[in-house]
Amino acid sequence: MIRLCMFGTSHIAAPWNAYRAEPDAWPELDITFVGATGHRLLDHRIAKGVMIPTTADLEHNMQHMAGTGALDLGRFDAFAVIGGDVGQHMIGYVYGQVRWIGLPSMAGHDFAEPARWALMSEAAVDAVLTHRIQHSVAGRICDTLRKFSDKPIFVAEAPRPSEALMSSNEHKLLAIKRAVRRGDAAYMADKYETLVKACFEQQNIDFLGQPAFTIKNHMLTRAGYMEDAVRLSMENDISQPDADLMHGNRPYGVALMDKINATLTTGAS
Amino acid sequence: MSHPYQKMPAKAFWRNGTLPDPDGLITDLYAPKFTIDETTRIATAGSCFAQHIGKALRRANCAVVDTEPPLRRMPDPVAQRFAYGIYSARYGNIYTPRQLAEMLQEAQAPKAKPELVWERDGRYFDALRPGVEPAGLASVQEVLDHRKYHLMRVAQLLEKTDIFIFTLGLTEAWIDQPTGRTLPVCPGVIAGAFEPDQHRFHEFSFAEITKDLGWIGSLLRQFQPEMKLLLTVSPVPLTATATPEHVLTATTQAKATLRAAVGGFVQDNPHADYFPAYEIVTAPVAGGPWFAENGRDVALAGVDHVMRHFFRAHHLTMTDMSEDDASDEDPHCEDVLLQAFAP
């Protein structure tokens, strides 16, 4: 039995719900979930190997999901961090403002012509993304864990937005829609994955990409893995609003759990 | 008997004129020809010291134009490394008037020529602003594409600028002979290779600087007929000189030449003014010492002292530096790299 501590932001809801629905589906894993939305997961201190929340919110979340207000990290064989700001939306955010030479859509462009976007070098784009990955909730939790433990640590990215994005007017994700339409999605998805892997490899942390069969058009998630998603909440499962295109549902949680299980038990990733 | 000195104001006399007022500032040292308020669209450029001026103006919520801004939520260290938010466009440091004039002329009709691209370890650098991409770019063509884009943004900047603030830093420069272009740094220091047959040292004279200032003024007004030019001279000494002189005398010579040229130009041009940052930092009566321990960099207190004179003269409210601002305050300077070659 592998004792796994799984941290996460709102995206932890999918694997948490999958695990609660079928606790025997992954018999080799004994999982403790610790989730909190936004940056709340960072509101803790570590004392003698015990993670102690420094806010009432995080303490409540830990009690609710892990059944304890203080987590002895020393009793785990492995750690996973789900979401934590790491996901393709990061490169989408950059693409919403700038372009760089190397993007397929930039071939043959005349850069003396005014455009709505700014031209940035690929090195600067990489530096922005690297900094944001390192300073993400996942990056900071991993940093803390790695200082404390030499046990395996995995980071699983937040799912790509739902394919329903292509028929939606969701402003915040417009850049990803554009990337798909302009033929930049494959290049961007690959670039982001290469960068994120490199960032975490420096600390001997493994990156778990989104299960391939759930991905559509490189930067989207098949609708069947996002419809009827539930959100992380203190007490009950609450359905996400229909307009939510960012969170995985229970089948997505099962797919992610299978991937984590395979990684931990067979080394496959 | 009467004579002109009897009617001179206090500022005309050293004993009275240089006394600090209760705020520690020298009264009437700077009497602006032009008004600057929160709506005046300002562009900044120049040698390293100009970075301090731009930052102070931004902190005070002045309308500093930036046509190559950092992306929203760009981490500060990354923005600083890639020369975002330092000046009003990513031209890097512009040390001499000739360098500025040549850039303004090129911005009128951006045509990036396949020249002045330096190589280092398989990466390519724009010789006209080698510090803005610290790791260089992937190809010569990419450098040219970035240069073309940059010049288009410079033209956009100049079309929406009311006052262009330029800080003159050096009289010494390296010229690329085949193109005649003035370089911001000696080839080989950041990238490229120094070729004695191709790269010529030049020390700009008083006459050349005066002429180049006129050229700058004329080019600026072609973009925006009402544009004003506010000049300052950097008080920061040379890191190194390529003349046979001692670096101290070379510094004195350079700063005196720049200061004299600016003084004459401003007297003759109603659209140009001078802000005496140089005097505020270097004159013993202005308090201080305002230099850092290395005797070269201006200490943050010195920058603050300079800008307090500026803001008071323009009736603007100065914003104090936060700790974060202060930690990012080391300017981005190519010429400092020369220090590494000191014996």
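Within every chain, numbering begins at 1; the chains are lettered A, B, ... in the order of the sequence lines, protein sequences first and strands thereafter.
In this structure, the portion of B/Gln156 lying under 4.5 Å from any heavy atom of chain A is its side chain and not its backbone. Contact annotation for B/Leu71: both backbone and side-chain heavy atoms come within less than 4.5 Å of a heavy atom of chain A. With a 4.5 angstrom heavy-atom cutoff, A/Val128 touches chain B via backbone and side-chain atoms both.
Residues A/Arg132 and B/Pro75 come closest through the heavy atom pair CG-CG, 4.4 Å. The shortest heavy-atom contact between B/Met152 and A/Pro114 is CE-CA, 3.8 Å. Nearest heavy-atom pair, A/Ala118 versus B/Arg153, reported as atom, atom and distance to 0.1 Å: CA-NH2, 4.0 Å.
Atom CG of residue B/Asp145 and atom CG of residue A/Asp110 lie 8.5 Å apart, to the nearest 0.5 angstrom. Once rounded to the nearest 0.5 Å, the distance linking CG of A/Leu119 with CZ of B/Arg90 reads 8.5 Å. Atom OH of B/Tyr149 and atom NE2 of A/His109 lie 9.5 Å apart (nearest 0.5 Å). Atoms CZ and CE, from B/Phe82 and A/Met120 in turn, are 8.5 Å apart once rounded to the nearest 0.5 Å.
With chain B as partner, the option from A/Ala124, A/Ala123, A/Ala115 having the largest number of non-hydrogen pairs under 4.5 angstrom is A/Ala124. Put simply, of B/Arg72, B/Glu68, B/Arg73, the one with the most heavy-atom pairs under 4.5 Å next to chain A is B/Arg72.
Among B/Glu142, B/Glu133, B/His146, the one residue that satisfies the side chain to side chain donor-acceptor pair (under 3.5 Å) test with A/Ser121 is B/Glu133.
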